[in-house]
Amino acid sequence: MDILSNLNPQQKQAVTAGDGRVLVLAGPGSGKTRVLTRRVAYLIEHMQVPSYGILAMTFTNKAAREMKARVETMLGPNARGLWVGTFHSVCARILRQQVAHLPFSSNFVIYDADDQKRLMKQVLKDLAMDEKTNRPASMLNYISHAKNNLVLPDEFTPTNYRERIVKPVYERYQNMLQVNNALDFDDLLLWTVRLLADNAEVRERYAHGFQHILVDEFQDTNMVQYEILKLLSYANGNLFAVGDEDQSIYRWRGADYRNVMRFEEDFPNCQKILLEQNYRSTQLVLDAAQGVINQNSNRTPKHLFTQNARGAQVILHEADDDQGEAQYVVDSIRRQMRNGAKGSDFAIMYRTNAQSRRFEEAFLHAGMSYTIVGAQRFYGRREVKDIIAYLYLIHNPADELNLSRVINVPPRKIGGKSQENLAIAARDAGLRQQAVLLDLAQHKDKSPYWARMGRGAPALTNFGRLLNKWQTKAATEELPALFDTILEDIGYHMHLDDGTEEGESRWENVQELRKQAYEYRERGLSEFLENLALVSDQDTMQDNGDSPTMLTLHASKGLEFSQVFITGLDEGLLPHSRSFDDPEEMAEERRLLYVGMTRARKQLYLVRAEQRFTYGQPSYSQPSRFLAYIDEDLIQQDGTKKSGLRFSSSFTSASSWEKPASKSKRWTSNTTSWRRKSKSANEDAPRKAPPMRSEPIRKKKETDGAWNLKRRTLNKPAAKQTSKRAPTAAPRAVDTQYKAGMKVSHAKFGPGEVRESGFDETGEEVVKVYFSEQDREIKILTSFAKLDIIE
DNA sequence: TTGGTCCATCTTTTT
DNA sequence: GATGGACCAA
């Protein structure tokens, strides 16, 4: 196969670019993966770069796997030796290789978000700090931020009150990580930079080893990651970055799309190549998506075009509530599947995982299968994490976080008091808790610690015996055997088997984990654990044959589907209310929608619901402001009221309340609630609105309560027939200076009449004025253009 | 020490 | 409507 076949001129230019820095800005669907893989092949075949001299960095293991597989199909055995991996896995690998230069030992473990939180809670407890006022998540945020800026605790100089509180927490947190011989995700990157920056010899070795470095999704790199790339490429200067500012959606994780601009500043001589031809979508989908993204500034303007057909209009549907929303989506899919469409043609996307529930219910009700990405993380499940914790204990005796997690799971009479005794005894003796346990196991009541353990001594001794047994076994036996021994010794099956369906499914998850352990029987415990820590759910997304896929907008990046439903296009959800008071966050929400829209090959649906349950409470919302940026001509409304028989009788008052049909109407309806997360609006809504359905009070959860509940909701759309739409008037946060009906005058456009006034996301007042001389409505930013009030 | 019950709090997104 | 924490009875 010819490496350069089927490439357009820009793609070819990128693939064949010579040495040096190359920045490829690749719009959605522009063949970026193709460019990357061909580039690797080109380097090996035409530029005589040995495969082991190439490093390709991605963000997900899935992307890494795919890239590797594609290169292998092109080059066969020549591809062997290629380094392809996620930033985190590559860093973990480097750190293990160079562990001698680092302040931890080679069997370090990696703490995931869940572990971090548990550790943070411990830290706060140790420091006698209140969890309510010092939220663990918030503390971790500060710390993550610091680490992303390469700041370790002793370099952390507080500049405000909050940071003064954070500092000791950060110190202790980091210290605890070290004591546990553990690294968090940020540490993997941070220590790699430290290693390379402080250690000339090591740096030389890698920087000369990697003759060419390629990065995917460059817009999602954070500062540390960019630093790593610079350090690794400094010797040869061959850095090939592919990205798209418009698809940067990981700001909250430290990603900074401005790295794209920095790249150009740092390397003024770099080659910059734009890929603008789209091979995925219809022109109409592209136009709609660009309407949204063009509202953003700070980006390289791109003009996406395609040779594909113009395509069908975007279908907009406004449902009465979240159940109706789900019903609409599932009905649409079912109808088309009856006409021969494949289930896998469809994707349902949403902003938050919580929204998936309604769709699951609707699918179940319709008797259709579905695939769901993420949501309940497999590795995040309690039973799975418990077993992994046991393995961690064996692998890394220093890990006391995981020890405390499972020392009493299943319950073995080692309660809080006993654990405290153990911790104190260990601290006084300057030993690890595990060492104390092992000593107890060995010497029983002759152990110097026996007496100090009080009533818990026998239980602790037993546990020490187990630990000892497992550790011996780990040295001699293969992983699956060890796995089974642990399960048996702790009676985990019994523990999970509580007669419920849930218990059964938990046990199945443990079995699934065991299957994976079996696959690692050759590579062993250490690699198994590292893999577990660095694998995400997208990576494990199994192809569920031919069923529709449900996933978050974030998870949709890099994928494509024939038909895409983007749901929950409501103020507060998309854009999410958390982004209301930060323009940068708002811009990211826009990108998120843009990413979702550009996943569609043929048909795009935008769906919303006026009312939905949040926190189990009904709440109302306005249409997403983003809808207003999509040209009306590109949209076709698919109304509920006419076609939706389900609700024809249920909303008697509906007809009297006209749906906003035009853009301008939609735009107005937002104005009241834009200003901020209108706390008042959210608090008021449920109070003003009579309860939507009278929920029978469930006094206690029966064993099958969950199932009952599910069935009840599924069979009862009727419950809402009694409901009435409550007026959705949200209180006005701040009054606009201009009011509808005012006569104004503009220097250039002449006299006009104000039609609407509201605030945009930055809090600027925006008015829509009808100018008679122009015979059109014009949107005006009042702080910008001067408008004189005439009357 | 355990297991139950009640309560508050919450949720963006994930390597 | 889920989860984690606090509290209490056995």
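Every chain is numbered from 1 and lettered A, B, ... according to where its sequence line falls, protein lines coming before strand lines. Atom set for the values below is all heavy atoms of this structure, side chains included, hydrogens, waters and symmetry mates excluded.
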Looking at A/Arg299 and A/Asp246, is there a salt bridge between them, counting it only when a charged N and a carboxylate O are closer than 4.0 Å? yes
Using whole Å, what does the distance between atom [atom2] of nucleotide [N] and atom [atom1] of [X] come to?
{"X": "A/Met550", "N": "B/dT13", "atom1": "CE", "atom2": "P", "value": "14 Å"}
{"X": "A/His88", "N": "B/dT15", "atom1": "NE2", "atom2": "P", "value": "10 Å"}
{"X": "A/Asn353", "N": "B/dT13", "atom1": "CG", "atom2": "P", "value": "5 Å"}
{"X": "A/Asn222", "N": "B/dT14", "atom1": "CG", "atom2": "P", "value": "17 Å"}
{"X": "A/Asn61", "N": "B/dT14", "atom1": "CG", "atom2": "P", "value": "15 Å"}
{"X": "A/Asp130", "N": "B/dT9", "atom1": "CG", "atom2": "P", "value": "12 Å"}
{"X": "A/Glu131", "N": "B/dC10", "atom1": "CD", "atom2": "C1'", "value": "14 Å"}
{"X": "A/Glu217", "N": "B/dT14", "atom1": "CD", "atom2": "P", "value": "14 Å"}

Taking OP1 and OP2 of [N], is either one under 4.0 Å from a side-chain nitrogen or oxygen of [X]?
{"X": "A/Ser89", "N": "B/dT15", "result": "no"}
{"X": "A/Arg135", "N": "B/dC10", "result": "yes"}
{"X": "A/Arg357", "N": "C/dA2", "result": "yes"}
{"X": "A/Lys121", "N": "C/dG5", "result": "yes"}

Nearest to the side chain of [X], which nucleotide is it out of [options]?
{"X": "A/Pro411", "options": "B/dT15, B/dG3, C/dG1", "value": "B/dG3"}
{"X": "A/His554", "options": "B/dT13, B/dT15, B/dT11", "value": "B/dT13"}
{"X": "A/Arg578", "options": "B/dT14, B/dG3, B/dT11", "value": "B/dT11"}
{"X": "A/Lys132", "options": "B/dT14, C/dG1, B/dT9", "value": "B/dT9"}
{"X": "A/Trp252", "options": "B/dT13, B/dT1, B/dT15", "value": "B/dT13"}

Using a heavy-atom cut-off of under 4.0 Å over every strand shown, decide if [X] touches base, sugar-phosphate, or nothing.
{"X": "A/Thr614", "value": "nothing"}
{"X": "A/Phe59", "value": "sugar-phosphate"}
{"X": "A/Arg118", "value": "nothing"}

Assert yes or no for the condition that the ring centre distance of A/Tyr250 to A/His554 is strictly below 6.0 Å.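 Aromatic pair counts; centres sit under 6.0 Å.
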Report the C-alpha distance between A/Asp399 and A/Asn402 in whole Å, list the side-chain angles of each, state the deciding distance to 0.1 Å, and finish with yes or no for side-chain hydrogen bond (donor to acceptor under 3.5 Å, both in side chains). CA-CA 6 Å; A/Asp399 187 348; A/Asn402 278 312; 2.5 Å; yes
Interatomic distance at C1', C/dG4 relative to B/dT13, whole Å: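 It comes out at 22 Å once rounded to the nearest Å.
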Most 5' of A/Lys417 and A/Asp186 on DNA chain B, judged by nearest nucleotide: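 It is A/Lys417 whose nearest nucleotide is closer to the 5' end.
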On DNA chain B, does the nearest nucleotide to A/Asn408 precede the nearest nucleotide to A/His576 from the 5' side, or the other way round? Give the residue. A/Asn408
Donor-acceptor list for residues 455-465 of chain A side chains, cut-off 3.5 Å, not counting sequence neighbours:
| residue | atom | partner | partner atom | Å |
| --- | --- | --- | --- | --- |
| A/Thr461 | OG1 | A/Ala457 | O | 2.7 |
| A/Asn462 | OD1 | A/Arg465 | NH1 | 3.0 |

Of all residues at least two apart in sequence or in a different chain, which pass the side chain to side chain contact (heavy atoms under 4.5 Å, CB included) check with A/Ser138?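 Listed in chain order: A/Arg135, A/Tyr142, A/Arg162.
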For A/Trp83, is the NZ or CZ atom of A/Arg93 found under 6.0 angstrom from the centre of its six-membered ring and inside 45 degrees of the ring axis? yes
